[in-house]
There are 2 protein chains.
Amino acid sequence: MAAPVLHSSVLDRLGMDITSGVHAAGDVLTLDQLQQRFGVSRTVMREAMRILEAMNLVHSRRRVGIVVRPMPEWNVYDARVIRWRLDGPYRAEQLRTLTELRMAVEPMAAAAAARNAGPAERGHIADLAQRMRETGEDGRLEAFLEHDVAFHTLVLRSSGNEMFAALTDVVGEVLKGRTHHGLMPSPPVPVALATHDEVARAVRDGDTGAAELAMHTLLAEVRSAIDHVPGC
Amino acid sequence: MAAPVLHSSVLDRLGMDITSGVHAAGDVLTLDQLQQRFGVSRTVMREAMRILEAMNLVHSRRRVGIVVRPMPEWNVYDARVIRWRLDGPYRAEQLRTLTELRMAVEPMAAAAAARNAGPAERGHIADLAQRMRETGEDGRLEAFLEHDVAFHTLVLRSSGNEMFAALTDVVGEVLKGRTHHGLMPSPPVPVALATHDEVARAVRDGDTGAAELAMHTLLAEVRSAIDHVPGC
DNA sequence: TCCCTCGAAAGGTATCATCAATATTCGGAA
DNA sequence: TTCCGAATATTGATGATACCTTTCGAGGGA
């Protein structure tokens, strides 16, 4: 996707193996093993390992080798880690925790957006809500998803808080994951459309309390939808 | 702190230069320049660069060089990035955004802890609140800080959500940063002690609503304290 | 204007010396 | 003989170099 280059295939493979539990915490790997297994040079393997180390998935010690760290120490906010976990056997669990995170962050981000967004952004958010309504009522799922992602992205970006804004990829992945794994009602329920409208209106009018409440309502619906689909 | 490996000093220096704006977005560096500037080998420089790339601080392209990415693309949840920014000229801004993040996450984490924590954890949280009271009333700042960090850490870990638990380092850094830069009332105000107690009681009793409210109150006080200290 | 060549810089490979931590072995004392 | 501590060997990461390959941007020529 982003990188048409290098050892990213090695990284992807190893990262998935670790996040999916093929290599459990405490397992010890060595560079020699790995470079032979993937058929790459030592340098490439070392750099891939450094990236995994930066994600806190592994820890490299002299004489010992490369030890896999326990899950609580991972950088679970790293986009690649999130993608690996969403693609792996813990997808359901990851979806749950990410949705809880959204429930915590997005209402506050909406309130902040109602306070801080510029005039153009307020208008753009309203536009997106309108487009969601149109595509949703027509049952055009892909277009709907696209606008949905854009909507939440813009709210997060307009919050004036880069910690919130940095979660746009996370939210995008969750939304895409939901629709592409059949966890999304089709066509989108009218209630959801109305709630998005409410958020947009509240942000436009600068009503922080209403924005927070509407976004909270929206996500409460999302969570209950996820709760009712227990298996992956 | 962790490993006295050579590339870590290089990494720290470069990371601080980028996050503090010495190298602005779009600036182009080359490996040759950097390895000469720091007097290290290409191997070391490449591995440091890979780590910066994993943090999304830079992007490396053939023929072009190493391009500094704009701030919105950074992995601002990476512990090192947070530390660099807290140590740099944007400390005040970073403290504000992190505190907003805490306001979003910690109340929900407290509610989740009230729902999910095990019996031992509930007791331990209450203990920590008690110790905070003792050390706080005695004016023993360092010990107070230690228990404060432990308290919030344990609440986050007991939430049963690894996305929340992964923020323990962040919260720890914020708390340490606050006391060590004189943003903390000394001795701690009695109100704060009482609110911590309330959180602990609510978690112990499994009262999710009360836990969320108490934690919210606690953090509202924190934010107003920060707001009143505008400069770094 | 378009194409083509050239070269700069990263990507990748290979090999070496070094260093540190662990495992093993050896020696001496009880 | 047994046990314990110190010397030693082994192992695997770390750091440094030398040397290709690949890509792609810029500049020059048709």
Side-chain angles (χ1 to χ4, degrees), chain A residues 1-15 17-18 22-70 73-75 80, chain B residues 1-15 17-18 22-70 73-75 80:
Chain A
M1 190 164 291
V5 276
L6 79 140
H7 51 260
S8 47
S9 59
V10 174
L11 184 67
D12 255 16
R13 180 63 192 281
L14 245 190
D17 279 357
I18 294 175
V22 173
H23 299 300
D27 280 9
V28 175
L29 312 167
T30 69
L31 271 183
D32 275 339
Q33 280 172 21
L34 293 174
Q35 82 177 288
Q36 281 173 28
R37 173 170 149 207
F38 293 111
V40 297
S41 76
R42 192 172 186 79
T43 312
V44 169
M45 201 57 240
R46 278 174 62 169
E47 289 178 6
M49 189 270 295
R50 285 271 180 267
I51 297 174
L52 290 174
E53 202 175 32
M55 296 171 175
N56 256 301
L57 293 188
V58 301
H59 180 61
S60 168
R61 284 174 54 204
R62 284 192 171 176
R63 165 61 195 158
V64 174
I66 300 161
V67 296
V68 178
R69 305 191 100 137
E73 299 182 10
W74 299 347
N75 276 9
R80 271 168 298 199
Chain B
M1 186 154 292
V5 275
L6 185 49
H7 67 248
S8 59
S9 60
V10 175
L11 185 66
D12 255 16
R13 180 63 192 281
L14 244 189
D17 278 357
I18 294 175
V22 173
H23 299 300
D27 281 8
V28 176
L29 312 167
T30 70
L31 269 184
D32 274 341
Q33 280 171 23
L34 292 173
Q35 78 176 289
Q36 282 175 26
R37 173 171 148 206
F38 292 111
V40 297
S41 74
R42 211 169 85 98
T43 315
V44 170
M45 203 56 240
R46 273 177 64 165
E47 289 179 5
M49 190 269 294
R50 282 272 178 272
I51 297 174
L52 290 173
E53 201 174 33
M55 297 171 175
N56 258 303
L57 294 189
V58 301
H59 180 60
S60 169
R61 285 174 56 202
R62 282 193 176 177
R63 167 60 200 165
V64 174
I66 298 160
V67 190
V68 178
R69 303 190 105 139
E73 298 182 10
W74 297 349
N75 277 9
R80 272 169 295 200

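Scope of the values below: all heavy atoms of this structure, side chains included, with no hydrogens, waters or symmetry mates. In what follows, chains are A, B, ... by sequence order, proteins preceding strands, each numbered from 1.
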For the pair made of CZ in B:Arg50 and C1' in D:dT14, what is the distance, rounded to whole Å?
-> 18 Å

No-H, no-angle donor-acceptor pair, B:Thr43 side chain to D:dA16 base, under 3.5 Å | yes

Once you round it to whole Å, what is the distance between P of D:dG12 and CG of A:Leu34?
-> 12 Å

Is it true that A:Arg50 and A:Glu47 make a salt bridge, defined as a side-chain N closer than 4.0 Å to a carboxylate O?
-> no

B:Arg62 (side chain) and D:dT22 (base): donor-acceptor pair under 3.5 Å = yes

What one should report as the nearest heavy-atom pair of B:Ala54 and A:Ile51 is CB-CG2, 3.9 Å

Taking CG from A:Leu31 and P from D:dA13, how many angstroms apart are they, rounded to a whole number?
-> 4 Å

Are A:Thr30 and D:dT11 close enough that a side-chain N or O sits under 4.0 Å from OP1 or OP2?
-> no

Could you tell me whether A:Met45 contacts a base, only the sugar-phosphate backbone, or nothing, with contacts defined as non-hydrogen atoms closer than 4.0 Å?
-> nothing

Between C:dA9 (C1') and B:His59 (NE2): distance, integer Å = 14 Å

Specify the residue among A:Asp32 and B:Val64 whose closest nucleotide of DNA chain D lies further upstream toward the 5′ end.
-> A:Asp32

Integer-rounded Å distance: D:dA18 P and B:Gln35 CD | 11 Å

Can you check the A:Leu11 CG to C:dG12 C1' distance for me, whole Å?
-> 16 Å

Single hit among B:His23, B:His59, B:Gln33, B:Met49 for side-chain contact (heavy atoms from CB on, under 4.5 Å) with B:Ile66 | B:Met49

When you measure from the side chain of B:Ile66, which nucleotide among C:dA10, D:dA16, D:dA13 comes out closest?
-> C:dA10

Ranking D:dT17, D:dT14, C:dT22 by distance to the side chain of A:Arg63, first place goes to C:dT22

Measure the distance from CZ on A:Arg42 to P on C:dT13 and round it to the nearest whole Å.
-> 13 Å

A:Met45 vs A:Leu14 side-chain heavy atoms within contact, under 4.5 Å = yes

Let me know, please, whether A:Leu29 or B:Arg61 comes out on the 5' side of the other along DNA chain D by nearest nucleotide.
-> A:Leu29

Can you tell me if A:Gln35 and A:Asp32 form a side-chain donor-acceptor pair at under 3.5 Å?
-> yes

With a 3.5 Å cut-off and just heavy-atom distances, do the side chain of B:Arg46 and the base of C:dG12 make a donor-acceptor pair?
-> yes

Between A:Ser41 and B:Gly65, whichever has its closest DNA chain C nucleotide further toward 5' is B:Gly65

